[in-house]
Number of protein chains: 2
Amino acid sequence: MDDAANALAGTSDTIAGRLALAIHEHRLAPGTKLVEDEVGEVYGVSRTVVRAALQRLAHDRLVTIHRNRGASVSQPSIREAREVFEARALLEPRTARSAVARITAADLRRLAAHIEDEHAALAAGDAGRALRLSGLFHIEIARIADQDTIFGFVTQLVARSSLIIALYWRRRTALCESHAHHALMSALRDQDGARAEEVMKGHLLDLLSSLDLRPPPDGPKTLREVLLP
Amino acid sequence: MDDAANALAGTSDTIAGRLALAIHEHRLAPGTKLVEDEVGEVYGVSRTVVRAALQRLAHDRLVTIHRNRGASVSQPSIREAREVFEARALLEPRTARSAVARITAADLRRLAAHIEDEHAALAAGDAGRALRLSGLFHIEIARIADQDTIFGFVTQLVARSSLIIALYWRRRTALCESHAHHALMSALRDQDGARAEEVMKGHLLDLLSSLDLRPPPDGPKTLREVLLP
DNA sequence: ATGCCAAAAATTGTATACAATTTATCAGGA
DNA sequence: TCCTGATAAATTGTATACAATTTTTGGCAT
């Protein structure tokens, strides 16, 4: 596993990881300004280390930095939203198929536990945690496929998807995706690569089509925001 | 176009970009230690900005940072080399097909000029420049496809490929790839998406198979290098 | 010579200081 | 009231200082 991806997945052992976790769980909303001094005070570190964390997150597109203007949680455009899911649809189905060839009993147990946790979080009404776990499920499959490079891409795309969902997921389609994850599990358990690939592709298309990509996301934008970037 | 990718492509308007350019052109060999003070003195800036540049390049895998040990130009493993080209084979053929749908006359002119430059560099014996131009050709096609997300991935992969070639390209297969680039051009000009996709896939497989991935890359490694990471 | 340990040098990690730039505030005039 | 512009406050960009860590050096015993 990949240190670059760890922070994206939201490990809480680094500033970037903690910020990523907060973004994943939708505690930090898209657009939120991230002032270096404030973040530094919260975590008890100097601007130096906060800056490094923000630049890292910016490189992964979770945060947007404008020169001399500071950082804020990214607000993916409609176009970007579409692209991210298109890229996922290109990478993840094939990755799921690759995972079949390498998956172990331990992996299957971990995935099952994962789905359990997801259910538990949903039952407890903790949508933020459920969403993050749902993303981790995809990341876990990419990890099993054992291709670091593509694993890194998928991790980044899943992280960005969390932001996209925060912005564009209006109609709360019930049952979310637990069904798809179950179907994926079963294909993996049966070592059925073709089915895993197909299920994953369908799942991602479902996700994309459950987004409300038409209207401008939200709120009254500043004129500056509209004209400058 | 993408600011993240610009530095990888080697624009010389930033420290990261200059370092990336040097890596692309094989002036900085894999394994070269990059001491913050030295780099800073060369470019006339303080460690602060050098650090940021190194972290940026590390995130793109052109540079490897070990905590408290500093940064050096990455030495992709054999496995990583294979993965990078596999990822490219997954992304770029489809990208070439997408490019067909959007390509303009101006794009075709630019690509043609690009191939010209490549030839000129080769004729002048400037292999470093030729190599970089060859990479830029692929990046240009991804740019034409007009999918920022995938464009970013391809840019990163091409940059890493440059390192891989530096390490593993022993047998100097003549004519390199100019032929493939010509074939690609002609498919694009004819608006033949299927052919573009096929040519690209073949081209990448050729590249991979022209690498000498068997033996340990080079030189007497320190015991520490072998055991610690 | 060779191996080992302590001291010195070099290098990175983090905090702070100051300069440059942007953003907010507010007085004055149309 | 609403604009305008100057001034002050806030914030980022960069350099420097110091602490923590690693690497090198040089004796000293084997």
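The structure presented is a predicted model; accordingly, all values stated were derived computationally and were not measured. Within every chain, numbering begins at 1; the chains are lettered A, B, ... in the order of the sequence lines, protein sequences first and strands thereafter.
A salt bridge links A:Asp146 to B:Arg79: at least one charged side-chain nitrogen sits closer than 4.0 Å to a carboxylate oxygen.
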Per-pair distances, 0.1 Å, donor-acceptor, side chain in residues 36-44 of chain A, under 3.5 Å, sequence neighbours excluded:
| from | atom 1 | to | atom 2 | distance (Å) |
| --- | --- | --- | --- | --- |
| A:Glu36 | OE1 | A:Arg47 | NE | 2.9 |
| A:Glu36 | OE1 | A:Arg47 | NH2 | 3.0 |
| A:Glu36 | OE2 | A:Arg51 | NH1 | 2.7 |

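In this structure, the side chain to side chain contact (heavy atoms under 4.5 Å, CB included) partners of B:His114, at least two apart in sequence or on a different chain, are B:Leu133, B:Leu136, B:Phe137. Partners of A:Phe85 by ring pair (Phe, Tyr, Trp, His ring centres under 6.0 Å), not counting sequence neighbours: none found. Annotation: side chain to side chain contact (heavy atoms under 4.5 Å, CB included) contacts of A:Ala106 (sequence neighbours excluded): A:Thr104, A:Arg109.
Rotation axes derived from the C1' atoms of the five outermost pairs at either end of the helix from C:dA1-D:dT30 to C:dA30-D:dT1 lie 10° apart, to the nearest 10°.
With rounding to whole Å, A:Glu41 atom CD is found 15 Å from C:dT16 atom C1'.
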- When every nucleotide of nucleotides 5-12 of chain C is labelled 5' to 3' by its protein contacts under 4.0 Å (heavy atoms), B for base, S for sugar-phosphate only, - for none, what sequence of letters results? ------SB
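An OP1 or OP2 oxygen of C:dT14 is reached within less than 4.0 angstrom by no side-chain nitrogen or oxygen of A:Thr48.
Considering all non-hydrogen atoms of both residues, A:Ser134 and A:His181 come closest at O-CE1, 3.5 Å.
Looking only at atom types and distance, the side chain of A:Gln147 has a donor-acceptor partner in the side chain of B:Glu86 under 3.5 Å away.
Rounded to the nearest 0.5 angstrom, A:Arg69 CZ and A:Ile65 CD1 are separated by 13.5 Å.
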